[in-house]
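First up is the structure itself, then whatever we jot down about it.
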Amino acid sequence: MANSTSANLKLTVQATGENSGTWGQITNTNLLILEQAIGGFTTFNLTNANRSLTFTNGALSNGKNDVIKLTGTLAANRTVSIPDSIEKVYHVQNACNHANYTLTFKTAGGTGVLLCEGNNYVLYSDGTNIVKLSEQRNWRAITAAETVQAGAKILANTSGGAFTITLPASPSAGDEVSFIDQGYDFNSNALTIGRNSSNIANAASDLVVNTQGAGLELVYSGDATTGWTYTEK
(Lines give C-alpha, C1' and ligand atoms only; values in the text may rest on other atoms or scores of the structure.)
Protein backbone atom coordinates (compact mmCIF):
# COMPACT_ATOMS: atom_id res chain seq x y z
CA MET A 1 0.00 0.00 0.00
CA ALA A 2 1.47 3.36 -1.07
CA ASN A 3 1.81 6.52 1.00
CA SER A 4 -1.03 9.04 0.85
CA THR A 5 -1.35 12.78 1.50
CA SER A 6 -3.49 14.51 4.12
CA ALA A 7 -6.24 16.77 2.79
CA ASN A 8 -5.32 20.13 4.34
CA LEU A 9 -1.67 20.47 5.36
CA LYS A 10 -0.53 17.95 2.73
CA LEU A 11 1.37 15.82 5.23
CA THR A 12 2.77 12.52 4.05
CA VAL A 13 0.69 9.71 5.55
CA GLN A 14 3.02 6.74 5.57
CA ALA A 15 1.70 3.31 4.75
CA THR A 16 2.75 0.35 6.87
CA GLY A 17 5.94 -1.18 5.53
CA GLU A 18 6.81 1.71 3.24
CA ASN A 19 9.79 4.11 3.35
CA SER A 20 12.51 1.82 4.64
CA GLY A 21 15.42 4.09 5.56
CA THR A 22 13.50 7.31 4.93
CA TRP A 23 10.57 7.19 7.37
CA GLY A 24 12.50 9.32 9.90
CA GLN A 25 13.11 12.11 7.39
CA ILE A 26 9.46 12.04 6.31
CA THR A 27 8.32 12.16 9.94
CA ASN A 28 10.60 15.13 10.67
CA THR A 29 9.26 17.00 7.64
CA ASN A 30 5.70 16.34 8.82
CA LEU A 31 6.60 17.77 12.23
CA LEU A 32 8.10 20.89 10.62
CA ILE A 33 4.92 21.39 8.59
CA LEU A 34 2.86 21.12 11.79
CA GLU A 35 5.16 23.67 13.44
CA GLN A 36 4.64 25.99 10.47
CA ALA A 37 0.86 25.63 10.68
CA ILE A 38 0.81 26.26 14.45
CA GLY A 39 3.28 29.13 14.68
CA GLY A 40 4.79 29.93 11.29
CA PHE A 41 5.06 33.56 10.12
CA THR A 42 5.55 34.94 6.63
CA THR A 43 5.28 38.29 4.83
CA PHE A 44 3.96 38.95 1.34
CA ASN A 45 4.40 42.19 -0.60
CA LEU A 46 1.41 42.83 -2.85
CA THR A 47 2.59 45.98 -4.61
CA ASN A 48 3.03 44.42 -8.04
CA ALA A 49 0.93 41.25 -8.13
CA ASN A 50 -1.69 39.03 -6.57
CA ARG A 51 -0.50 36.15 -4.42
CA SER A 52 -1.55 32.51 -4.76
CA LEU A 53 -0.43 30.57 -1.69
CA THR A 54 1.02 27.10 -2.18
CA PHE A 55 0.35 23.76 -0.46
CA THR A 56 3.00 21.37 -1.76
CA ASN A 57 2.57 17.71 -0.87
CA GLY A 58 4.97 16.61 1.88
CA ALA A 59 6.90 19.89 2.06
CA LEU A 60 6.97 23.24 3.83
CA SER A 61 4.91 25.73 1.81
CA ASN A 62 4.03 29.39 2.23
CA GLY A 63 0.28 28.75 2.48
CA LYS A 64 0.73 26.53 5.52
CA ASN A 65 1.91 29.38 7.81
CA ASP A 66 -0.25 30.44 10.73
CA VAL A 67 0.44 34.22 10.60
CA ILE A 68 0.59 36.22 7.37
CA LYS A 69 1.59 39.88 7.16
CA LEU A 70 0.57 41.69 3.98
CA THR A 71 2.66 44.70 2.93
CA GLY A 72 3.22 47.10 0.04
CA THR A 73 1.30 49.86 -1.72
CA LEU A 74 -1.40 48.43 -3.94
CA ALA A 75 -1.24 49.41 -7.60
CA ALA A 76 -4.54 47.66 -8.45
CA ASN A 77 -7.21 45.62 -6.71
CA ARG A 78 -5.33 42.65 -5.23
CA THR A 79 -6.18 39.14 -4.03
CA VAL A 80 -4.47 36.61 -1.79
CA SER A 81 -5.82 33.14 -2.52
CA ILE A 82 -5.43 29.59 -1.28
CA PRO A 83 -6.43 26.43 -3.18
CA ASP A 84 -10.01 25.21 -3.01
CA SER A 85 -10.71 22.31 -0.59
CA ILE A 86 -8.13 23.46 1.99
CA GLU A 87 -9.47 23.87 5.55
CA LYS A 88 -7.26 26.12 7.67
CA VAL A 89 -7.20 29.05 10.13
CA TYR A 90 -5.13 32.18 9.41
CA HIS A 91 -4.08 35.20 11.45
CA VAL A 92 -3.67 38.07 8.97
CA GLN A 93 -2.11 41.50 9.53
CA ASN A 94 -3.03 43.94 6.77
CA ALA A 95 -0.15 46.41 6.69
CA CYS A 96 -0.74 47.42 3.07
CA ASN A 97 -1.35 50.95 1.86
CA HIS A 98 -4.49 50.37 -0.20
CA ALA A 99 -4.08 53.57 -2.23
CA ASN A 100 -7.84 53.48 -2.96
CA TYR A 101 -7.77 49.83 -4.13
CA THR A 102 -9.29 46.71 -2.54
CA LEU A 103 -7.60 43.66 -1.02
CA THR A 104 -9.42 40.31 -0.83
CA PHE A 105 -8.36 37.11 0.96
CA LYS A 106 -10.09 34.19 -0.75
CA THR A 107 -10.11 30.61 -1.92
CA ALA A 108 -9.40 30.17 -5.63
CA GLY A 109 -13.09 29.73 -6.44
CA GLY A 110 -14.66 31.72 -3.60
CA THR A 111 -15.67 35.32 -3.11
CA GLY A 112 -13.54 35.77 0.00
CA VAL A 113 -13.28 38.54 2.57
CA LEU A 114 -12.48 42.18 1.81
CA LEU A 115 -9.73 43.38 4.15
CA CYS A 116 -9.57 46.90 5.57
CA GLU A 117 -6.31 48.82 5.53
CA GLY A 118 -4.56 48.68 8.90
CA ASN A 119 -6.77 46.01 10.49
CA ASN A 120 -5.94 42.51 11.74
CA TYR A 121 -8.02 39.37 11.19
CA VAL A 122 -8.70 35.81 12.22
CA LEU A 123 -9.91 34.03 9.08
CA TYR A 124 -10.64 30.43 8.23
CA SER A 125 -11.26 28.46 5.10
CA ASP A 126 -14.09 25.93 5.14
CA GLY A 127 -12.78 24.38 1.93
CA THR A 128 -15.12 26.47 -0.22
CA ASN A 129 -14.72 30.06 0.93
CA ILE A 130 -12.88 32.28 3.42
CA VAL A 131 -14.88 33.29 6.51
CA LYS A 132 -14.06 36.16 8.90
CA LEU A 133 -14.11 35.02 12.53
CA SER A 134 -12.94 38.31 14.03
CA GLU A 135 -11.47 41.68 13.11
CA GLN A 136 -9.26 43.99 15.17
CA ARG A 137 -10.13 47.49 13.97
CA ASN A 138 -7.29 50.00 14.36
CA TRP A 139 -7.44 53.81 14.20
CA ARG A 140 -5.58 55.29 11.25
CA ALA A 141 -4.76 58.95 10.49
CA ILE A 142 -5.78 60.44 7.12
CA THR A 143 -4.89 63.91 5.86
CA ALA A 144 -6.09 63.70 2.25
CA ALA A 145 -8.90 62.29 0.13
CA GLU A 146 -9.24 58.52 0.21
CA THR A 147 -11.73 55.72 -0.42
CA VAL A 148 -11.91 53.49 2.66
CA GLN A 149 -13.03 49.95 3.33
CA ALA A 150 -15.61 48.54 5.73
CA GLY A 151 -14.12 48.40 9.23
CA ALA A 152 -12.11 51.62 8.85
CA LYS A 153 -11.56 53.80 11.94
CA ILE A 154 -10.41 57.15 10.64
CA LEU A 155 -8.60 59.95 12.47
CA ALA A 156 -9.36 62.67 9.92
CA ASN A 157 -7.04 65.67 10.13
CA THR A 158 -8.25 68.58 7.98
CA SER A 159 -5.78 71.14 9.33
CA GLY A 160 -4.22 71.36 5.86
CA GLY A 161 -7.57 71.81 4.11
CA ALA A 162 -10.96 70.20 3.61
CA PHE A 163 -11.12 66.83 1.87
CA THR A 164 -13.46 63.91 1.17
CA ILE A 165 -13.39 60.39 2.56
CA THR A 166 -15.41 58.10 0.31
CA LEU A 167 -17.38 55.21 1.78
CA PRO A 168 -16.98 51.63 0.46
CA ALA A 169 -18.70 50.69 -2.76
CA SER A 170 -21.40 47.99 -2.66
CA PRO A 171 -21.58 47.78 1.15
CA SER A 172 -23.15 44.87 3.02
CA ALA A 173 -25.54 45.12 5.98
CA GLY A 174 -23.54 45.67 9.16
CA ASP A 175 -20.50 47.27 7.51
CA GLU A 176 -19.16 50.05 9.76
CA VAL A 177 -16.90 53.08 9.31
CA SER A 178 -15.90 55.47 12.12
CA PHE A 179 -14.60 59.06 11.95
CA ILE A 180 -13.03 61.45 14.46
CA ASP A 181 -11.91 65.07 14.04
CA GLN A 182 -8.27 64.46 14.95
CA GLY A 183 -7.14 68.08 14.84
CA TYR A 184 -10.37 69.82 15.91
CA ASP A 185 -10.53 71.55 12.52
CA PHE A 186 -13.85 70.40 11.02
CA ASN A 187 -15.42 73.79 11.81
CA SER A 188 -12.91 75.60 9.57
CA ASN A 189 -12.10 72.80 7.10
CA ALA A 190 -15.06 70.45 6.86
CA LEU A 191 -14.81 66.73 6.28
CA THR A 192 -17.03 65.44 3.48
CA ILE A 193 -18.10 61.80 3.63
CA GLY A 194 -18.73 60.67 0.06
CA ARG A 195 -21.69 58.34 -0.26
CA ASN A 196 -20.27 56.32 -3.20
CA SER A 197 -23.76 55.73 -4.70
CA SER A 198 -25.36 54.64 -1.40
CA ASN A 199 -27.71 56.84 0.61
CA ILE A 200 -26.54 58.32 3.90
CA ALA A 201 -29.23 58.75 6.59
CA ASN A 202 -32.05 58.42 4.08
CA ALA A 203 -30.59 61.02 1.70
CA ALA A 204 -28.95 60.68 -1.71
CA SER A 205 -26.24 63.21 -0.87
CA ASP A 206 -22.77 63.33 0.64
CA LEU A 207 -22.47 64.10 4.34
CA VAL A 208 -20.61 67.29 5.29
CA VAL A 209 -19.26 67.26 8.86
CA ASN A 210 -18.39 70.79 10.04
CA THR A 211 -18.68 70.49 13.83
CA GLN A 212 -15.41 70.97 15.69
CA GLY A 213 -14.34 67.80 17.51
CA ALA A 214 -17.04 65.69 15.88
CA GLY A 215 -16.96 61.93 16.12
CA LEU A 216 -19.40 59.60 14.41
CA GLU A 217 -19.85 56.03 13.30
CA LEU A 218 -21.87 54.92 10.28
CA VAL A 219 -23.28 51.43 9.72
CA TYR A 220 -24.81 50.22 6.50
CA SER A 221 -28.41 49.35 7.29
CA GLY A 222 -28.98 46.89 4.45
CA ASP A 223 -31.92 49.03 3.32
CA ALA A 224 -31.23 50.94 0.10
CA THR A 225 -33.46 53.87 1.08
CA THR A 226 -31.89 54.34 4.51
CA GLY A 227 -28.41 53.39 3.32
CA TRP A 228 -25.70 54.28 5.83
CA THR A 229 -27.04 55.38 9.20
CA TYR A 230 -25.61 56.48 12.53
CA THR A 231 -24.59 54.20 15.38
CA GLU A 232 -22.88 57.12 17.14
CA LYS A 233 -23.28 60.79 16.26
Side-chain angles (χ1 to χ4, degrees), residues 1-99 101-136 138 149-151 172:
M1 184 177 179
N3 295 339
S4 60
T5 302
S6 68
N8 297 311
L9 292 180
K10 307 303 180 183
L11 303 171
T12 301
V13 181
Q14 302 184 73
T16 302
E18 294 289 331
N19 312 318
S20 176
T22 62
W23 68 269
Q25 178 182 346
I26 293 171
T27 298
N28 286 343
T29 299
N30 280 344
L31 291 173
L32 290 173
I33 294 171
L34 290 173
E35 181 181 54
Q36 186 178 40
I38 293 169
F41 170 83
T42 191
T43 299
F44 299 123
N45 187 297
L46 301 175
T47 296
N48 296 316
N50 298 330
R51 176 72 66 160
S52 297
L53 306 188
T54 59
F55 283 77
T56 304
N57 291 349
L60 294 167
S61 308
N62 58 23
K64 299 177 184 179
N65 282 284
D66 174 41
V67 181
I68 295 176
K69 182 178 181 179
L70 305 175
T71 64
T73 298
L74 306 186
N77 293 338
R78 296 293 185 213
T79 62
V80 177
S81 62
I82 68 169
D84 293 328
S85 80
I86 297 294
E87 298 175 3
K88 191 180 182 308
V89 174
Y90 287 101
H91 296 85
V92 178
Q93 178 185 2
N94 181 13
C96 292
N97 178 348
H98 280 218
Y101 293 108
T102 63
L103 174 57
T104 304
F105 200 104
K106 62 190 290 293
T107 56
T111 54
V113 172
L114 281 168
L115 304 184
C116 177
E117 181 176 342
N119 290 358
N120 303 321
Y121 296 85
V122 179
L123 308 174
Y124 75 87
S125 170
D126 61 9
T128 302
N129 208 355
I130 297 294
V131 179
K132 179 172 67 175
L133 275 179
S134 64
E135 177 180 13
Q136 179 188 5
N138 298 314
Q149 304 82 39
S172 299

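Positions are given from 1 along the sequence. In what follows, every heavy atom counts, from backbone to side chain, and hydrogens, waters and symmetry copies are set aside.
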For residues 51-58, which side-chain N or O atoms pair as donor and acceptor with protein atoms under 3.5 Å away, sequence neighbours left out?
residue	atom	partner	partner atom	Å
S52	OG	S81	OG	3.4
T54	OG1	N62	OD1	3.0
T56	OG1	S61	OG	3.4

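Among pairs with a residue in residues 27-39, those fulfilling side-chain hydrogen bond (donor to acceptor under 3.5 Å, both in side chains) read Q14-T27, at least two apart in sequence or across chains. Annotation: ring-ring contact (aromatic ring centres under 6.0 Å, His included) contacts involving residues 16-36, sequence neighbours excluded, are absent.
With hydrogens and angles ignored, the 3.5 Å screen pairs a side-chain donor or acceptor of K88 with a backbone N or O of N65. A donor-acceptor pair is defined here as one N or O able to donate and one able to accept, closer than 3.5 Å; no such pair exists between the side chain of N3 and the backbone of T12.
Of the residues T104, T102, N50, the one that meets the side-chain hydrogen bond (donor to acceptor under 3.5 Å, both in side chains) test with N77 is T102. Test N94, N119, N120 against E135 for side-chain hydrogen bond (donor to acceptor under 3.5 Å, both in side chains) and you get one pass: N119.
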Handout entry: CA sep, side-chain torsions, deciding dist, call: L103, Y101, side chain to side chain contact (heavy atoms under 4.5 Å, CB included)
Key = CA-CA 7 Å; L103 174 57; Y101 293 108; over 6 Å; no

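Taking every heavy atom of both residues into account, I130 and T107 meet most closely at CG1-N, 3.6 Å. Heavy-atom minimum distance, N8 versus E87: OD1-N, 2.8 Å. When all heavy atoms of I68 and F44 are compared, the pair lying nearest together is CG2-CD1, 3.6 Å. Contact between K10 and I33 at its shortest, heavy atoms only, is O-CD1, 4.5 Å.
Between atom NZ of residue K69 and atom SG of residue C96 there is a gap of 10.0 Å, rounded to the nearest 0.5 Å.
For an aromatic pair to be called close, the ring centres must be under 6.0 Å apart, and Y90 with F105 satisfies this.
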